Structures are given as structure tokens and as C-alpha cells.
Amino acid sequence: MNIDVYWASFVINNAFGNWNHKFIYDGNLMEHAMRTAGFTIIERCNYGLSENPHLVGIESHGKNIATNPMAIFETMIFEAR
């Protein structure tokens with residue numbers, strides 16, 4: 001289904017229905033989980049970008065859905081050490 005509205009309710013329903021997700025993180029919960037796991041340096045990155053040249057452009061979620069803007073809207077990318 002191609003939807004041109006990038007609302008949270010659509011993204012959540014799409015993630016559960018089409019990708020078999022059992023749990024959805026938001027940014028705060030993801031960062032908390034990473035800190036709890038022992039990571040101390042956590043950075044949220046823009047889609048397709050990284051300060052590490054080996055990680056630039058490796059996100060491929062946009063290839064699996066209809067539009068790159070939707071992929072950017074519904075994807076969180078974190079790098080942690």
C-alpha cells in the first residue's frame with residue numbers, strides 16, 4: 001500500500017502488520033536501553049550519514065518500502081560505544 005501521509009499511527013500499524021515487529025522503540029527508550037546495556041557514548045544520526053566513513057549509506061530500509069521520505073520518517077539510527 002502506498003500512503004503519502006507520514007503519521008505516527010500509520011508507521012506503527014505498518015511496522016506491526018508488515019514487518020512482524022513485537023515491540024516499537026522511540027528515541028528515548030532506545031537510548032535508555034543502550035545505556036542500560038553499557039554504552040556510554042550514544043549519538044543519533046541522520047539517515048544515511050555517519051562520522052564513520054564505513055557506516056555512511058549502509059541503511060537500506062528505503063529499498064524495502066515505497067518511498068525514501070517514508071524510510072527517513074520511520075527510521076531511527078543510533079551509533080554507540
Side-chain angles (χ1 to χ4, degrees):
M1 173 182 349
N2 188 5
I3 303 291
D4 64 351
V5 178
Y6 309 134
W7 294 342
S9 57
F10 173 74
V11 171
I12 291 167
N13 281 294
N14 184 54
F16 276 96
N18 294 329
W19 300 100
N20 296 316
H21 287 292
K22 304 296 182 211
F23 191 87
I24 303 286
Y25 288 84
D26 66 7
N28 291 331
L29 185 55
M30 177 60 78
E31 187 170 337
H32 174 74
M34 294 172 89
R35 287 198 189 286
T36 300
F39 292 99
T40 57
I41 301 170
I42 302 169
E43 296 179 36
R44 189 162 181 174
C45 303
N46 289 326
Y47 187 90
L49 301 178
S50 174
E51 291 184 16
N52 182 329
H54 299 288
L55 301 177
V56 173
I58 64 169
E59 173 58 52
S60 62
H61 182 63
K63 296 175 186 170
N64 297 315
I65 63 172
T67 65
N68 213 37
M70 177 60 95
I72 292 167
F73 177 77
E74 68 182 19
T75 303
M76 291 187 305
I77 301 170
F78 287 86
E79 294 179 10
R81 297 187 294 275

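Just so you know, these numbers come straight off a predicted model, no measurement behind them.
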Residues 30-41 side chain polar contacts: donor-acceptor under 3.5 Å, at least two apart:
unit_1, atom_1, unit_2, atom_2, d
E31, OE2, R35, NH2, 3.0
R35, NH1, T40, O, 3.2
T36, OG1, H32, O, 2.9

Report all side-chain donor-acceptor pairs from residues 49-56 shorter than 3.5 Å, counting only partners two or more places apart or in another chain.
unit_1, atom_1, unit_2, atom_2, d
S50, OG, N52, N, 2.9
S50, OG, N52, O, 3.4
S50, OG, E79, OE1, 3.2
S50, OG, E79, OE2, 2.5
N52, OD1, H54, N, 2.8

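Not a single salt bridge (charged side-chain N to carboxylate O under 4.0 Å, His left out) links R44 to another residue, sequence neighbours left out.
Taking hydrophobic clusters as Ile, Leu, Val, Met, Phe, Trp and Tyr residues chained together by side-chain heavy-atom distances below 4.5 Å, F78 shares a cluster with F23. Using a 4.5 Å cut-off between side-chain heavy atoms of Ile, Leu, Val, Met, Phe, Trp and Tyr, with links allowed through other members, I24 and M76 fall into different hydrophobic clusters.
The two residues N46 and I77 make their nearest non-hydrogen contact at O-CD1, 4.2 Å.
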